[in-house]
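Here the structure is laid out as C-alpha cells; the discussion comes afterwards.
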Protein chains: 2
Amino acid sequence: MNLPPLVQSFVLHFGEMGGRWGVNRTVGQIYALLYVSPEPLCAEEIAEALGISRSNVSMSLRELQAWNLVLLRHIPDDRRDYYTTPDDVWLILRVLAEERKKREIDPTLSVLRELLLQTPRDDADRHAQARLAEMHEMIESLTSWYDDVKKLETERLMALLSLGAKVTRFLEVKDRITRFGRPRKEPLKTLPETEEGGG
Amino acid sequence: MNLPPLVQSFVLHFGEMGGRWGVNRTVGQIYALLYVSPEPLCAEEIAEALGISRSNVSMSLRELQAWNLVLLRHIPDDRRDYYTTPDDVWLILRVLAEERKKREIDPTLSVLRELLLQTPRDDADRHAQARLAEMHEMIESLTSWYDDVKKLETERLMALLSLGAKVTRFLEVKDRITRFGRPRKEPLKTLPETEEGGG
DNA sequence: CTGAAATTTCAGAAACTTCTGAAATGACGA
DNA sequence: TCGTCATTTCAGAAGTTTCTGAAATTTCAG
C-alpha cells in the first residue's frame, strides 16, 4: 500500500470497520480511498494504491455498485471506467440508510407479516404471535417515520436533527391545544436535561 | 431442531439475518428463541431446542450478554441460569441502537477526530482532511440528535415517530417566528405528500 | 474482421470464523 | 472436605469467506 500517511490511516480504519458494516475489508478500503480522492480513480490505480489484485478490485467495485455507493465517471479518449463517491455526505447517508433498511429490516418485516397471517395451532403459537406482533408494530412505526423523513430536503433534515429532543416541547403544546395522541394521565413535567435554549 | 413450526420459521429467519446484523447464526437463533419463549430457558433447553452443542450455547449467550440483549433469571431451588430477553420491544430497540453505535460509529468518530488534529503536509492532505471534516460534522449531527432523543420516555419517542416529517411544519413556523436556523432564500412551499391530517 | 487494452469470471489457495467434544473450572449441599 | 451438577474454556475439525492468478470475455479503433 502506497499512500500518504493520513489517507492510509483512514483507508485502513475503513477496512477494519468494513466487517462491522456488512462489507469486507477490501470494499471498505476502496470506499474510503474513493471518498478522500480528489479525482475519480480507475481500477488499476485502486489496485496499485491498495496493493491488492486487480480481480479483487473488480469484485469489490461490483459490490459497491450493488450498494449504490460509487459513481461511474468517464474521461474523454480513455476507455477505462473511473470511479468516485457522491460528494454530498448527506446523500451518502441517505443511500446507506436505504440499503441497510433493504438488507436488514425489510426481509424481517416480510417474514413477520407472513407468520402473523398464519392461524395459530395452540397457546404456544398464540403467545409467539403476540410477541411477533409487538416486534412488527415497532418496526412499522420506525419504517413509516423513516419513509416520511427521507423525503425531506437536506436542509430541513439538518434542521430537524439540530432540534433533537426539543421537538417534544412542540409535542406538549400539541397535546394541550389539539389533543393529538392520547390525553395525558400525569401533569406534564418539564423535561430533564434540555437546557441550552435553541428555541 | 424440535420446535413448533411458527417458532421454528422465526428462529431460522433470525439465524439467517444474524450475519447481516453483525452476529453469527447461532446468536441470532438463540435470541429469537428467547424472544418468543413464554418462559426463561436454561442453556440445556436452548441446546436441545436448537439442536446445537452445549458449548456453542455457552459462547453465544456470552456474546448476547456482551450486547446487553439477554437477562439472567433464577428459579428457586434450581442452580441453573435461565435466560430471557427484555420484553419491552422499545427497550430492546434502545439497547440495540446503543450497542451498534458503540461498535459501528464511535470508533470511526474517534479516528476522524484524531486525523483532523494532524497537521497536513501538502495539498493532498488538506483535501483529504476537508473530506474527513465533512464526514465528521455529519456524524456529530447524527449522534447529538441521537443522544438527545434517547433520553425521551418511550411514550414521547413514539409520539415523535408518529409525527414523522410533519415536524417540519413546526420548523417552518419556528423559522418565521423565532428565526431559528438561517433565513430562507426561497418562499416556503407546502410539502409534497403529507396529506393525512394528524395535527 | 483483427488485435490490443480493459474488465470479468472462476477454481482453488489462504485466511478466518464457527462449532464441537473433551477437559477444566466453579458452585453448592452434605 | 467431598461429590455432583452446571458452566466455561479451548484445541482442532468443519465450514465459510476472501483473495489471487489464469483464462475468458468485452470493447473498440483500425
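Please read all numbers here as calculations on a predicted model, not as lab measurements. Each chain gets a letter, A, B and so on, in the order the sequences are listed, and its residues count up from 1.
Heavy atoms of A:N24 sit under 4.0 angstrom from primed sugar atoms or phosphate atoms, though from no base atom. Using a 4.0 Å heavy-atom criterion, one finds that B:R25 contacts the sugar-phosphate atoms exclusively.
A:E16 places no side-chain N or O within donor-acceptor distance of the main-chain N or O of A:H13, the cut-off being under 3.5 Å.
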> Checking salt bridge (Lys or Arg N to Asp or Glu O under 4.0 Å) for the pair A:R113/A:E140: CA distance, chi angles, key distance, verdict?
Replying inline: CA-CA 11 Å; A:R113 286 201 185 110; A:E140 285 268 294; 2.6 Å; yes

>> Please evaluate residues A:Q129 and A:L115 with respect to the criterion side chain to side chain contact (heavy atoms under 4.5 Å, CB included), reporting the C-alpha separation (whole Å), side-chain torsions for both, the decisive distance (0.1 Å), and the verdict.
In response: CA-CA 8 Å; A:Q129 276 192 336; A:L115 295 179; 5.8 Å; no

>> Assess the residue pair A:F10 and A:Y35 against the criterion (side chain to side chain contact (heavy atoms under 4.5 Å, CB included)); give the C-alpha distance rounded to whole Å, side-chain angles, the decisive distance to 0.1 Å, and a yes or no.
In response: CA-CA 10 Å; A:F10 181 66; A:Y35 178 80; 4.1 Å; yes

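Separating the CD1 atom of B:I52 from the P atom of C:dG21 is a distance of 11 Å, rounded to the nearest angstrom. If you measure from atom CD of B:E44 to atom P of C:dG21, you get 12 Å, rounded to the nearest angstrom. At whole-Å resolution of the value, CG in A:D78 and P in D:dA29 are 12 Å apart. Remark: P of C:dG21 and CE of B:M59 are 12 Å apart, rounded to the nearest angstrom. Following rounding to the nearest Å, A:H74 (NE2) and D:dC28 (C1') show an atom-to-atom distance of 12 Å. Residue B:N56 contributes atom CG, which lies 13 Å from atom C1' of D:dG15 at whole-angstrom precision. Spacing between atom CD1 of B:I46 and atom C1' of D:dA6 amounts to 14 Å, rounded to whole angstrom units. Atom-to-atom, CZ of B:R80 to C1' of D:dT7 comes out at 12 Å; the value is rounded to the nearest Å.
By the neighbour-count criterion of 12 heavy atoms within 6.0 Å, atom CZ of A:R121 is sparsely surrounded, having that number or fewer from other residues, nucleotides or ligands. Taking a 6.0 Å sphere around CD of A:Q118, one finds it holds more than 12 heavy atoms contributed by other residues, nucleotides or ligands.
Taking only side-chain nitrogens and oxygens, B:T26 comes nearer than 4.0 Å to OP1 or OP2 of C:dC19. For the OP1/OP2 pair of C:dT7 and a distance below 4.0 Å, the side-chain nitrogens and oxygens of A:R54 include at least one atom meeting the criterion.
Under a hydrophobic-cluster definition in which Ile, Leu, Val, Met, Phe, Trp and Tyr are linked whenever side-chain heavy atoms come within less than 4.5 Å, directly or via other members, B:L71 and B:Y83 are assigned to different clusters.
Between the two ends of the helix from C:dC1-D:dG30 to C:dA30-D:dT1, each summarised by a five-pair axis, the helix axis turns through 20° (rounded to 10 degrees).
Side chains of A:R94 and A:T154: a donor-acceptor N/O pair is present below 3.5 angstrom, by distance only. For the 3.5 Å distance criterion, the side chains of B:Y146 and B:E98 qualify, holding a donor opposite an acceptor. Counted by atom type alone, B:N68 and B:E99 present one or more donor-acceptor pairs between their side chains at under 3.5 Å.
Using a 4.0 Å cut-off between charged nitrogen and carboxylate oxygen, B:E45 and B:R80 do not count as a salt-bridge pair.
For the pair A:R103 and A:W67, the cation sits on the ring face: its NZ or CZ lies under 6.0 Å from the ring centre, inside 45° of the axis.
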> Reading nucleotides 22-30 of chain C from the 5' end, what letters show protein touch, with B for base, S for backbone sugar-phosphate only, - for no heavy atom under 4.0 Å?
Replying inline: ----BBS--

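Less than 4.0 Å separates DNA chain D from no heavy atom of any residue of residues 60-73 of chain A.
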